[in-house]
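A quick write-up on the structure given underneath.
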Protein chains: 2
Amino acid sequence: MRAGPSQDEIRRQNLGALLRYVHVHGATTRAELTTVLGLNRSTIGALTADLAGAGLVSEGTPRETGRAGRPSLVVRPEAERVYAYAYSVEVDRLRAARVGLGGAVLDRRELDRPRNLLAEEAAPLLAGALKEMHPAVPAGAVCVGVGVAVCGMVRRDDGLVRLSPPTGWVDEPIGAALAAELGIDVPITVGNVADAAAFAEHARGVAAGCENIIYLYGDVGVGAGIIAGGRRLTGHGGYGGEVGHMVVVRDGTRCECGSRGCWETEIGEHALLRAAGRHDARGRDALLAVFDAAGRGDARAQTAVRQAGDWLGFGVANLVNIFNPEMVIFGGTMRDLYLASAAQVRSRLNSIGLSACLEHVRLRTPKLGADAALVGAAELAFERLLADPLDAG
Amino acid sequence: MRAGPSQDEIRRQNLGALLRYVHVHGATTRAELTTVLGLNRSTIGALTADLAGAGLVSEGTPRETGRAGRPSLVVRPEAERVYAYAYSVEVDRLRAARVGLGGAVLDRRELDRPRNLLAEEAAPLLAGALKEMHPAVPAGAVCVGVGVAVCGMVRRDDGLVRLSPPTGWVDEPIGAALAAELGIDVPITVGNVADAAAFAEHARGVAAGCENIIYLYGDVGVGAGIIAGGRRLTGHGGYGGEVGHMVVVRDGTRCECGSRGCWETEIGEHALLRAAGRHDARGRDALLAVFDAAGRGDARAQTAVRQAGDWLGFGVANLVNIFNPEMVIFGGTMRDLYLASAAQVRSRLNSIGLSACLEHVRLRTPKLGADAALVGAAELAFERLLADPLDAG
DNA sequence: GCGGTTTGTTGTGCCCGGCAACGTATTTCG
DNA sequence: CGAAATACGTTGCCGGGCACAACAAACCGC
């Protein structure tokens, strides 16, 4: 039961809408902004002046238009001067990047992550990557935040990593550890990697313009970033989207989460490698080798892929029936699995899915590729700026 | 990429917030409204004046407060003069009601629904109920809309009932048929019965104040009304929440939807009656007889109930893992099943559910009882008024 | 260079809500 | 019973936000 916005909230929202537009769509003429945002020329002028004054955008000379009339000024995000640090904590990899307003990756570092590395041990490594990148930051540039994407369940309120079977983390305060290590005074936002990737694909990837999407992200486990009605589905505690632990086989194979027959146990890394007869292998490279082998005609690999693809379609169909999404995106290892078994996926989907839900659903692979998680993490950090550009800038 | 609200939208939203508050919470003093809505006394005064002018609220003499100071005026919804018609199309029952602003059922009619009655045949019956109720409407009262709750998949854009296996409806334009039959010029909103019930329980039932809930509604089939982040989860076409057709047994029992092993085939009416050895029975009474028998110690009935309860817990656990809701509500026949098999439900939930998701989830039965669907249908109709009180009034 | 066209800029006005001063209704206390 | 205290409604004023219109500026085609 909340009242409507006050007038300065209007201003904030309009500033945010403008900044978000140039952040997502890149340099934009003022004329275009007036039509897109539905605001008056004079208002757009005032807003850009405010944002330029805060150093968030710059106005440049117009592009050659070819048409008659005074050319419109171009509003550009300050892609170099305003940036966020983004981290992605994956099973066997730590990624760090400096991402400019506008979404460009300005700098990056990657390092292998020893399995069973705890948050307190990871934080110095992550901070080190940041310090390595720091000298390249131009003078006067300002960091608006740090975003961290972790493959695990993250408590919304404080960013505590509750449970991340693939990394072995339980109640790891990665945000606090990182804050202590960095010693810089910027807000740190921690989120789930699938959520972050979904967010990025929703903002500037294949799902641009879609309001209802499911981004399925496979690593060792499987999670989903879900956007419903244009907003992230977080759930009450922030643990929404744990579709990998939807049980698809009652009393099935034991899962790391303690339950049995989770979807993950049928389509996760372990399941596929085991089915392909590679019990000792792990990691993404091993997985790709299976897909390769299947592509080259290896019968056992083909069976494994087909079987996993069948289960992939099974679970996706269930999710489609529940959410009625506009698009399902297959990211991480799910991308490879989907591409290798699209026939099985579609077949299952068509047999299980309700026809009304199948009508408009599109199956896609990510547009942002491996960077989706990083860009999404940055997007999490930028979100604060976009909600209130002048205060957070 | 939408701009912030304009100034008259502020007004609309504030009017809506005030009207919604008295609609949900009943008569409220102006003083309370100022604190709840965070608006100034003068603003509340202006808003109530506008609403009173439109005949939506009335201001009354203050209640005895016992405290010092001038007593605050009481703002009351015009519960008799402003109303909506609500319909609920269930498998073997048609309900109609006149619901006043504030949510009170002012008048009601119920009739049996012959199975296999199509929308065009149902519309005259529904219209007849309305005409029966019409003479009792006080002079000067105004109808703000008609809400219809149907146990089936409803297209959001136009209210077409796409598929409703229990009633046998396929692409039935109940909204249009009703509009033609009624001949009155008020907007007709059609929605899913589970959605409507969830909406009602969220607004004024057990889930008041909860932002993430799953309302499980059982009739012949099973559907869910889902509220995520405080907003209804509709999905892209409006078909979200069809959890009854989440497949829980791969290649299991054939379902009316064309698929196999849907949740519905394990916990729906047919499943329970069959398991209890009552193959020829149907309807709610037959179902209640099974629960009765189980309560009295009938072994076969007990086994049937336990088995269905086990599957109920299974599906609920999956949904809890996916959505991380704050509350799960068991309505319709699911209420009876849940009450009769709470032990099984909790047991499955605890073994399958992720511990983080189980932390805060509460299992509840509806507070509004059998009226939830009707009140929810009315709520759908009121929604338009609450979004823009002065225009829609 | 000149008209036509499109856009930036500036000044004005409307609307909304906050605020403070004043009037009013009720309780409490002497 | 009456005055002080308390809380509230009402009124007028103010600042902020955006739309609008008039004017100035920049570009195109001729």
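Per chain, numbering begins at 1; letters A, B, ... match sequence-line order. As the structure is a prediction and not an experimental result, all values here were calculated from the model.
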Salt bridge (Lys or Arg N to Asp or Glu O under 4.0 Å) with [X]: which residues, sequence neighbours excluded?
| X | value |
| --- | --- |
| A:Arg384 | none |
| B:Arg204 | B:Glu379 |
| B:Arg30 | B:Glu59 |
| A:Glu211 | none |

Exercise. Not counting sequence neighbours, which residues clear side chain to side chain contact (heavy atoms under 4.5 Å, CB included) with A:Cys210? List them please.
Key: A:Ala207, A:Ile213, A:Glu326, A:Met327, A:Arg362
Self-check item: side chain to side chain contact (heavy atoms under 4.5 Å, CB included) partners for A:Pro77, two or more places apart
Solution: A:Val22, A:Leu101
Measure the shortest side-chain to side-chain distance between [X] and [Y] over non-hydrogen atoms and say whether it is less than 4.5 angstrom.
| X | Y | result |
| --- | --- | --- |
| A:Val144 | A:Val82 | yes |
| A:Val206 | A:Ile329 | yes |
| B:Phe199 | B:Glu383 | yes |

Quiz item: Between which nucleotides of DNA chain D, read 5' to 3', does contact with chain A run, using atoms under 4.0 Å from its heavy atoms?
Solution: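 Span of nucleotides near chain A: D:dG15 to D:dC28.
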Quiz item: With a 4.0 Å cut-off on heavy atoms, is B:Asp8 in touch with a base, just the backbone sugar-phosphate, or nothing at all?
Solution: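 Counting heavy atoms under 4.0 Å across all strands, no contact is made by B:Asp8.
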Quiz prompt | Selection: residues 41-48 of chain A, any non-hydrogen atom under 4.0 Å of DNA chain D | solution =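 Within this stretch, A:Arg41, A:Ser42, A:Thr43 sit under 4.0 Å of the strand.
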Exercise. Select from A:Asn40 and B:Thr29 the residue whose nearest nucleotide in DNA chain D is closer to the 5' end of that strand.
Key: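 Its nucleotide being nearer the 5' end, the pick is B:Thr29.
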Quiz item: For DNA chain C, which nucleotides open and close the run of contacts to chain B, 5' to 3', at under 4.0 angstrom from a non-hydrogen atom?
Solution: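 First and last nucleotides in contact are C:dC15 to C:dT28.
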Practice problem: Determine yes or no for a side-chain-to-main-chain donor-acceptor pair under 3.5 angstrom, with B:Asn192 supplying the side chain and B:Val154 the backbone. | Solution: no
Please table the atom pairs, donor to acceptor, closer than 3.5 Å between any side-chain atom in residues 32-46 of chain B and protein atoms at least two apart or in another chain.
unit_1	atom_1	unit_2	atom_2	d
B:Thr34	OG1	B:Ala31	O	2.5
B:Thr35	OG1	B:Glu32	O	2.8
B:Asn40	OD1	B:Ser42	N	2.9
B:Asn40	OD1	B:Ser42	OG	2.9

Quiz item: Relative to each other, are the rings of B:Tyr85 and B:Tyr83 parallel, tilted or perpendicular (30° and 60° limits)?
Solution: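 Correct class here is perpendicular.
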Self-check item: Whichever of A:Arg30 and A:Ser6 has its nearest DNA chain C nucleotide further upstream toward 5'
Solution: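 Mapping each residue to its closest nucleotide by heavy atoms, the 5'-most match is A:Arg30.
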Using residues 6-18 of chain A as the side-chain source, report each donor-acceptor pair under 3.5 Å to any protein atom, sequence neighbours left out, with the distance given to one decimal.
unit_1	atom_1	unit_2	atom_2	d
A:Ser6	OG	A:Asp8	OD1	2.9
A:Ser6	OG	A:Glu9	OE1	3.3
A:Glu9	OE1	A:Ser6	N	2.9
A:Arg11	NH2	A:Asp50	OD2	3.2
A:Asn14	OD1	B:Gly4	N	2.7

Quiz item: Near DNA chain C, which residues from residues 69-78 of chain A have a heavy atom under 4.0 Å away?
Solution: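 Under 4.0 Å from DNA chain C: A:Gly69, A:Arg70, A:Ser72, A:Leu73.
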